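Input: a single structure, listed below in structure tokens.
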Amino acid sequence: MSISVRYFARLREQLGRSGDELDAEGIRTPADAWARANGGDTLPANTLVAVNQDYASLDSTVRDGDEIAFFPPVTGG
Amino acid sequence: MSISVRYFARLREQLGRSGDELDAEGIRTPADAWARANGGDTLPANTLVAVNQDYASLDSTVRDGDEIAFFPPVTGG
Amino acid sequence: MTSRILTTPLEPWAALADFERQRFAGSAAHGASAVFVGTMRDLNEGDEVHGMILEHYPGMTDGYLERLREEAAKRWELLETLVLHRVGELNPGDPIVLVAVWSAHRTAAFDACRWIMEELKSRAPFWKRETLAQGSRWVEHNTPG
Amino acid sequence: MTSRILTTPLEPWAALADFERQRFAGSAAHGASAVFVGTMRDLNEGDEVHGMILEHYPGMTDGYLERLREEAAKRWELLETLVLHRVGELNPGDPIVLVAVWSAHRTAAFDACRWIMEELKSRAPFWKRETLAQGSRWVEHNTPG
């Protein structure tokens with residue numbers, strides 16, 4: 001199994017990709033997933049986090065098969 | 001000339017008429033007009049007053065040719 | 001900026017579509033519109049209501065609605081305002097009143113729409129007479145909200 | 001109770017007429033409906049805007065709008081709620097979002113409509129990218145109102 005990571009809007013453009021598939025081994029939080037996928041790059045300030053399409057914090061627990069998303073402040077409506 | 005008095009809604013029904021034409025002589029306020037038109041009958045509590053289609057008080061000044069209206073609290077919208 | 005007393009059925013969504021076509025064709029300045037529609041219910045104070053007659057004070061209603069719109073335009077930055085109010089005989093489910101406000105931003109639109117509606121309910125010279133299963137009655141006071 | 005993401009033009013007044021026909025045919029329980037429509041302006045932060053692309057997070061947007069409606073239904077006594085939101089390419093003057101709430105009374109309708117709209121703007125995962133005369137830019141933050 002694995003953990004899916006998704007990026008949206010400006011962050012997607014900055015990273016040059018819309019997602020990553022990560023080996024779940026050793027990933028316990030969204031922060032772990034970010035570090036694995038983006039090496040030493042700091043998470044941009046104000047980035048929002050969702051786990052399984054629900055808002056979550058960087059240190060919430062994630063499991064094998066989860067979908068993690070990182071995105072900038074929303075601007076709809 | 002004269003002063004027109006108009007009644008609306010429940011008040012119109014209670015009085016059994018929708019208006020009166022009063023000789024302007026001696027009528028200086030809506031209170032005077034009410035007394036002239038309705039004799040000793042007390043003005044029902046909460047009755048609203050308009051002079052020339054604008055809210056006014058019972059003791060505001062009226063002139064020959066004015067239109068005075070008495071009506072219950074409004075219930076539109 | 002329009003306010004109108006209607007003696008025929010009020011169709012709020014068609015009226016809004018028409019109004020926007022006339023006033024906003026080719027324009028993209030209004031970021032926000034807030035709309036309120038009041039509709040005749042079939043229940044009031046626990047009683048089934050079969051019909052309604054809306055009386056008003058012709059002349060004063062027009063002037064009063066006009067003044068409401070002017071006062072709102074002083075308080076908020078508005079692009080357009082539309083106020084329509086039925087009079088005469090209504091059936092349950094019939095729209096009674098439409099208040100619509102267009103502005104560049106949503107706070108002005110929301111605030112102005114609500115303010116106009118509350119002022120209209122507390123001050124505009126309309127009176128409702130309800131037909132019940134037996135007889136009819138004047139509505140005594142408006143609901144506070 | 002419906003929320004929907006639209007990839008084709010949003011026609012708010014036609015959508016409201018359709019929705020009422022479906023949900024309120026023969027019913028006269030709703031005394032009040034409050035509606036908000038947000039429209040794409042041709043001006044933002046002092047610059048002329050020629051077009052917009054609205055990105056979203058499919059799956060999460062649906063779920064989030066659904067939860068907003070459920071939360072509103074807990075807080076207020078509502079009869080129906082309709083939330084429609086555009087995604088994809090938009091032109092100035094195109095409606096972006098529609099929030100409509102039906103209730104027996106106007107306070108619940110006004111309050112719930114505004115609450116849903118504010119929550120949607122601050123939390124629903126949509127992002128605007130504006131096309132200017134030269135180039136394009138992500139909208140950085142929503143106007144507070």
Side-chain angles (χ1 to χ4, degrees), chain A residues 1-22 24 27 29-34 36-38 41-77, chain D residues 3 5-6 10 36-41 44-45 52-68 83-88 90 95-99 113-130 135-145:
Chain A
M1 291 277 286
S2 65
I3 286 177
S4 303
V5 181
R6 305 183 66 176
Y7 310 110
F8 290 95
R10 176 195 288 279
L11 186 61
R12 171 178 55 70
E13 281 193 352
Q14 283 170 340
L15 297 173
R17 61 196 198 279
S18 60
D20 293 298
E21 289 297 315
L22 305 180
I27 294 182
T29 65
D32 292 341
W34 175 268
R36 170 86 61 84
N38 296 285
D41 288 357
T42 318
L43 187 73
N46 302 324
T47 298
L48 299 169
V49 181
V51 173
N52 296 332
Q53 308 185 343
D54 209 349
Y55 281 105
S57 63
L58 269 175
D59 60 357
S60 56
T61 304
V62 299
R63 289 183 185 77
D64 199 3
D66 281 356
E67 175 176 297
I68 303 173
F70 297 98
F71 48 78
V74 305
T75 55
Chain D
S3 58
I5 307 297
L6 305 177
L10 164 56
F36 180 84
V37 178
T39 300
M40 187 190 154
R41 296 174 65 218
N44 191 25
E45 300 189 9
M52 180 183 279
I53 294 173
L54 250 160
E55 180 173 332
H56 74 129
Y57 181 174
M60 182 164 170
T61 36
D62 294 326
Y64 191 75
L65 296 184
E66 198 59 28
R67 211 165 314 142
L68 272 187
V83 179
L84 303 175
H85 201 294
R86 272 300 309 275
V87 293
L90 283 87
I96 298 171
V97 61
L98 163 72
V99 174
C113 180
R114 191 163 190 164
W115 181 85
I116 290 172
M117 191 57 210
E118 296 300 325
E119 288 291 309
L120 187 160
K121 280 195 91 91
S122 63
R123 303 271 291 170
F126 296 97
W127 300 274
K128 289 172 178 159
R129 186 185 184 106
E130 295 174 337
S136 69
R137 68 181 176 199
W138 290 99
V139 174
E140 286 296 311
H141 34 71
N142 257 324
T143 47

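In what follows, every chain begins at residue 1, and chains take the letters A, B, ... in the order their sequences are listed. Here the structure is a predicted model, which means the values were calculated and not measured.
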Worksheet item: If you look at every heavy atom in Trp127(D) and Val74(A), which pair is closest and at what distance?
Response: NE1-CA, 3.8 Å
Practice prompt. Calculate, to the nearest 0.5 Å, the distance between atoms CG and CE belonging to Asp54(A) and Met60(D) respectively.
Written response: 6.5 Å
Worksheet item: Pick from His141(D), Arg137(D), Arg123(D), Glu140(D): which one has the most heavy-atom pairs with chain A under 4.5 Å?
Response: Arg123(D)
Fill in: Residue part contacting chain A, namely of Phe36(D), when any heavy atom lies under 4.5 Å
neither
Item to complete: Identify which part of Thr61(D) has an atom lying under 4.5 Å from any heavy atom of chain A, answering side chain, backbone, both or neither.
Response: neither
Worksheet item: In terms of heavy-atom pairs under 4.5 Å, which option from Gly38(D), Ala124(D), Gly63(D) contacts chain A the most?
Response: Ala124(D)
Item to complete: Identify which part of His85(D) has an atom lying under 4.5 Å from any heavy atom of chain A, answering side chain, backbone, both or neither.
Response: side chain
Discussion item. Report which part of Arg67(D) has an atom under 4.5 Å of a heavy atom belonging to chain A: side chain, backbone, both, or neither.
Written reply: side chain
Practice prompt. Not counting sequence neighbours, which residues clear salt bridge (Lys or Arg N to Asp or Glu O under 4.0 Å) with Arg63(A)? List them please.
Written response: none
Practice prompt. Please look at Ala9(A) and chain D and tell me whether the side chain, the backbone, both or neither of the residue comes under 4.5 angstrom of a heavy atom of that chain.
Written response: both
Item to complete: Would you name the heavy atoms of Val139(D) and Thr75(A) that are closest together and state the gap between them?
Response: O-CG2, 3.4 Å
Discussion item. Using 30° and 60° as the class boundaries, would you call the ring planes of Tyr64(D) and Tyr55(A) parallel, tilted or perpendicular?
Written reply: perpendicular
Worksheet item: Which pair of non-hydrogen atoms, one from His56(D) and one from Phe8(A), has the smallest distance, and what is that distance?
Response: O-CE2, 3.6 Å
Worksheet entry | Donor-acceptor pair, side chain of Tyr57(D) and main chain of Arg6(A), under 3.5 angstrom | no
